[in-house]
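As structure tokens, the structure follows; a few thoughts come after it.
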Amino acid sequence: MRTVAVVGASLAGLSVARSLRKQGYDGRLVVIGAERHRPYDRPPLSKEFLAGEIDETALTLEAEGEDLGAEWVLGATAVGLDPADRSVRLADGRSVRADGIVVATGAAARTLPGSDGLAGVHVLRTVDDAIALRDDLARGGRLVVIGGGFIGAEVASTAYALGLEVTVVEVAPTPLAGPLGAAMGGVVSSLHLDHGVGLLCGVGVRGLIGGLGAPPGGSRGSVAAVLLEDGRSLPADVVVVGVGARPCVEWLEGSGIALENGVRCDADGSTNVPGVVAVGDCAAWYDPAAGAHRRVEHWTGARERPAAAVAALLSGGTATPEPLRPPYFWSDQYGVRIQFAGYAADADSVAVEEGAAADRSFLAVYRSAGRPVAVLGMNQPRLFTRWRKQLAQHHTSPARSAP
């Protein structure tokens, strides 16, 4: 294999490049990124970076003096893949040919219909998004966060600490019910109420209202309010839309690569096209323990799984992958460290086994037929770490390919 092209230059793409070199690949390595930035860390964007506590230099993921011998093609968006020709087409007309291709194009924040051209309305996915939002939050005022997921909750927490008046709007009856289940989602989202942040649940957003005196040139001016489905109107100087992300795989349509909520992969990242693997937020890997394909949009997945995908790529799919670890993520909100591992949806029960939910310091274990399938900790890092290791022992299987 003389040339490997990695399409995506964030944590997953960088992890692939590192794994390639670590596993002995010494050929040409091309890393293509849609953003103009070198790889950077995303978790701080909604917390320390948004609060102005750290700058861009603190986000860098590359170690000082690290040289992977890669060709970095940045600010270049992939628009097509020709597996027969082994080439990645870029929006600027260039084409990169390679013997092996790694898809690591991640995911993009979903937007709110009708928000185009309205100043003060933000999503948060990239460092440029964070800079724009940070500038608006610095002016203070009223913030409405649409979506009570982890990104929305972290932004709300940061804005509260900056002194803004914050309201979170969530269409579901309970925020975080998807990743944590309704019971624990309710406990974690109560952090908003503990700090006087408004939380409106079970109501959707009808649209956004712009202010008067819109400037010429097509702009609609600045956002003035959020109109809810029940007719209420929430005054807003800044709005953050945190309603999830979509996998960036549209550029693969027509390529022959199987797409199903992202790139459909085996348990080692292999796709249905030989010589093409996928990693990170855009990849739906087969989990043998669960018997299903799942996308894992978490930092640890983007860091850990590329090693298996690289082994599959270099071996032509003959390498035996390590069992997948249960997905893990963390969140910092209002000074509380929240940690979660596993799949809450697989559980038929959940119980607090250490501490007390009312104290916001506890550990809860999710079980299915008595077997642990997930664990949640609030301000219990040591105990959570032990449980996470135990959970991994229950989440193993030698199977590699999807049925």
Minimum heavy-atom separation for [X] and [Y], please, with both atom names.
X      : Y      : result
Pro179 : Phe150 : CG-CE1, 3.8 Å
Asp67  : Gly69  : OD1-N, 2.9 Å
Gly186 : Thr174 : N-CG2, 3.4 Å
Gly269 : Ala309 : CA-CB, 4.5 Å
Ile151 : Ser46  : CD1-OG, 4.5 Å
Ala245 : Ala107 : CB-CB, 3.9 Å

For the backbone of [Y] and the side chain of [X], can you confirm whether one donor and one acceptor N or O come within less than 3.5 Å of each other?
X      : Y      : value
Asp266 : Asp268 : no
Arg295 : Asn261 : yes
Tyr343 : Pro326 : no
Arg21  : Tyr25  : yes
Gln23  : Ala307 : yes
Tyr40  : Val127 : yes
Ser222 : Gly120 : no
His192 : Gly198 : no
Ser157 : Ala153 : no
Trp285 : Ala278 : yes

Interatomic spacing from [atom1] in [X] to [atom2] in [Y] - rounded to 0.5 Å:
X      : Y      : atom1 : atom2 : answer
Cys282 : Leu252 : SG    : CG    : 7.5 Å
Leu363 : Leu383 : CG    : CG    : 4.5 Å
His37  : Ser10  : NE2   : OG    : 11.0 Å
Asp332 : Gln339 : CG    : CD    : 8.5 Å
Ile146 : Leu200 : CD1   : CG    : 11.5 Å
Leu124 : Arg134 : CG    : CZ    : 11.5 Å

Q: Identify the residue among Asp135, Thr111, Asp136, Asp129 that makes a side-chain hydrogen bond (donor to acceptor under 3.5 Å, both in side chains) with His122.
A: Asp136
So [Y] and [X], do their side chains get closer than 4.5 Å, heavy atoms only?
X      : Y      : answer
Leu143 : Val155 : yes
Met184 : Phe362 : yes
Pro175 : Val168 : no
Ile338 : Leu376 : yes
Thr3   : Arg97  : no
Leu68  : Leu14  : yes
Val243 : Leu112 : no
Val7   : Val103 : no

Q. How would you list all residue pairs meeting side-chain hydrogen bond (donor to acceptor under 3.5 Å, both in side chains) that involve residues 225-245, not counting sequence neighbours?
A.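 Residue pairs passing side-chain hydrogen bond (donor to acceptor under 3.5 Å, both in side chains), neighbours aside: Arg142-Asp237, Asp230-Arg232.
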[X] and [Y]: side-chain donor and acceptor closer than 3.5 Å?
X      : Y      : value
Glu62  : Thr60  : no
Ser361 : Asp359 : no
Asp128 : Thr126 : no
Arg264 : Asn272 : no

Q: Could you walk me through whether Leu228 and Val205 pass the side chain to side chain contact (heavy atoms under 4.5 Å, CB included) test, one step at a time?
A: CA-CA 4 Å; Leu228 304 182; Val205 172; 4.1 Å; yes
Q) What is the ring orientation for Tyr334 with His195, classed by angle as parallel under 30°, tilted 30 to 60°, or perpendicular over 60°? A) parallel
**Q.** Aromatic plane relationship, Tyr328 with Phe384 - under 30° parallel, 30 to 60° tilted, over 60° perpendicular
**A.**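 Tilted: the ring planes of Phe384 and Tyr328 meet at 30° to 60°.
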Q: Start with the C-alpha distance between Val296 and Arg305, add both sets of side-chain angles, then the distance that settles side chain to side chain contact (heavy atoms under 4.5 Å, CB included), and finish with yes or no.
A: CA-CA 10 Å; Val296 175; Arg305 293 189 174 188; 3.7 Å; yes
Lys/Arg N to Asp/Glu carboxylate O, [X] vs [Y], below 4.0 Å:
X      : Y      : result
Glu35  : Arg42  : yes
Arg125 : Asp281 : yes
Asp99  : Arg86  : no
Glu353 : Arg367 : yes

Q: List the steps and the verdict of side chain to side chain contact (heavy atoms under 4.5 Å, CB included) for Arg89 and Asp82.
A: CA-CA 8 Å; Arg89 290 185 291 107; Asp82 184 347; 5.7 Å; no
Q: Please assess Gln390 against Val375 for the test side chain to side chain contact (heavy atoms under 4.5 Å, CB included), listing each intermediate value before the final yes or no.
A: CA-CA 10 Å; Gln390 293 181 44; Val375 60; over 6 Å; no
